[in-house]
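Read through the structure below, which is laid out as structure tokens, and then see the notes.
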Amino acid sequence: CPLTIPGGTRQSPINIQWRDSVYDPFLKPLKISYDPTTCLHIWNNGYSFLVEFDDSTDKSIIVGGPLENQYRLKQFHFHWGAINDWGSEHTVDSKFYPAELHLVHWNAVDYPSFEDAVMEGNGLAVIGVFLKLGARHEGLQTLVDALPAVRHKDTVIEFDEFDPSCLIPSCPDYWTYAGSLTTPPLTESVTWIIKKKPIEVDEDQLEAFRTLLFTSDGEEERRMVDNFRPLQPLMNRTVRSSFQ
Ligand SMILES: NS(=O)(=O)c1ccc(C(=O)NCc2cccc(O)c2)cc1
Ligand SMILES: [Zn+2]
């Protein structure tokens, strides 16, 4: 079944060709309501650093946009480059951003667990936010200050009272398309919602991401950079926009 076999028909990331995206007037505004008390910890999983949330209730959810029902926030993480010329997973008109934020949600209405939802075509919804070089981002700084404590793979620290909506641009415009996870198992279960407007972060904040390591304590150090998947073919898909 194409849903679970990578090399399938709806792989991510893709290049978003602005002029080929189709305005869909029936797309609703995306409603985001996160409860900062659901924030649990930050951990370095050897691919990226993730901030994980308690997803045992509907306290932190998104609804609307292209989604049929509400989805629960499970974690967010980033992808970035060794230098500012690349690092994002998606591109816009073939332009890379230096980093990209992914807020990962799962359909707890139709499925009993994240592990089940990840195998279903409508199981996940990921909000993608581009990061561009500019002013220092105060909300991101609380995260950056915690990174030295998760420098090595498989390290974790408690992290609470963080509201990730501070990392999402207020401009409501987004693109959306049917895609997949961008790391193994690459399952084709993601409704992607890519915000049109990037957030601004400064050079020191991007450099802080690059001080993380793919490797565990005691192993030969390998800097955690360029943790983005190559672009995948669009195949028989249309990217819709919520804006004209
Ligand atoms: N970069 S991404 O947002 O596409 C992405 C989001 C989540 C995950 C993820 O949760 N991987 C772990 C996983 C996957 C399938 C089943 C599991 O139990 C865990 C991977 C990539
Ligand atoms: Zn990701």
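Read the numbers this way: they start at 1 and go in the same order the structure lists the ligands and their atoms.
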Subject >> Minimal non-hydrogen separation, I62 against A125, with atom names >> reply: CD1-CB, 4.2 Å

**OP:** Could you establish whether Q75 and ligand 1 come within less than 4.0 Å of each other, counting only heavy atoms on the residue side?
**Re:** yes

Original post:
Does the ring pair (Phe, Tyr, Trp, His ring centres under 6.0 Å) test come out yes or no for W192 and H90, once each step is laid out?
Top reply: CA-CA 10 Å; W192 281 96; H90 293 87; 4.8 Å; yes

Original post:
V118 heavy atoms, cut-off 4.0 Å: which ligand 1 atoms fall inside?
Top reply: 15 (C), 16 (C)

Original post:
Between N122 and Y71, is any side-chain donor less than 3.5 angstrom from a side-chain acceptor?
Top reply: no

Original post:
Is the count of non-hydrogen atoms from other residues, nucleotides or ligands lying under 6.0 Å from E68 atom CD greater than 12?
Top reply: no

Original post:
Could you go step by step and tell me if Y177 and S21 meet the side-chain hydrogen bond (donor to acceptor under 3.5 Å, both in side chains) rule?
Top reply: CA-CA 10 Å; Y177 78 96; S21 61; over 6 Å; no

Original post:
Of all the atoms in ligand 1, which lie at a distance below 4.0 Å from a heavy atom belonging to W192?
Top reply: 3 (O), 4 (O)

Original post:
Any idea which heavy atoms bring R10 and E188 closest together, and the distance?
Top reply: N-OE2, 3.0 Å

Original post:
How far is atom 4 (O) of ligand 1 from its nearest protein heavy atom, and which residue and atom name does that atom have?
Top reply: T182 N, 2.9 Å

Subject >> Contacting atoms of ligand 1, where contact means under 4.0 angstrom from a heavy atom of P185 >> reply: 14 (C), 15 (C)

**OP:** Would you mind listing which atoms of ligand 1 come within a distance below 4.0 Å of any non-hydrogen atom of T183?
**Re:** 20 (C), 21 (C)

Original post:
Rounded to 10°, how many degrees is the angle ND1/H102-the Zn ion (ligand 2)-NE2/H79?
Top reply: 100°

Original post:
Within a reach of under 6.0 Å around CG of D145, are more than 12 heavy atoms found that belong to other residues, nucleotides or ligands?
Top reply: yes

Subject >> H79 neighbourhood, listing ligand 1 atoms whose heavy-atom distance to it stays under 4.0 Å >> reply: 1 (N)

Original post:
Is the number of heavy atoms from other residues, nucleotides or ligands under 6.0 Å of Y23 OH greater than 12?
Top reply: yes

Original post:
Which residue holds the protein heavy atom closest to atom 8 (C) of ligand 1, what is that atom called, and what is the gap in Å?
Top reply: L181 CD2, 4.0 Å

Original post:
Would a distance-only check, ignoring hydrogens and angles, find a side-chain to backbone donor-acceptor pair under 3.5 Å from N15 to L231?
Top reply: no

**OP:** State the atoms of ligand 1, each with its element, that fall below the 4.0 Å cut-off from a heavy-atom position in E115.
**Re:** 18 (O)

**OP:** Look at ligand 1 and say whether K74 reaches it with a heavy atom at a distance under 4.0 Å.
**Re:** no

Subject >> Shortest-distance N/O/S atom, H77 versus the Zn ion (ligand 2) >> reply: NE2

Original post:
For ligand 1, which atoms sit closer than 4.0 Å to a heavy atom of F114?
Top reply: 10 (O), 19 (C)

Subject >> Any protein heavy atom < 4.0 Å from atom 12 (C) of ligand 1 >> reply: no

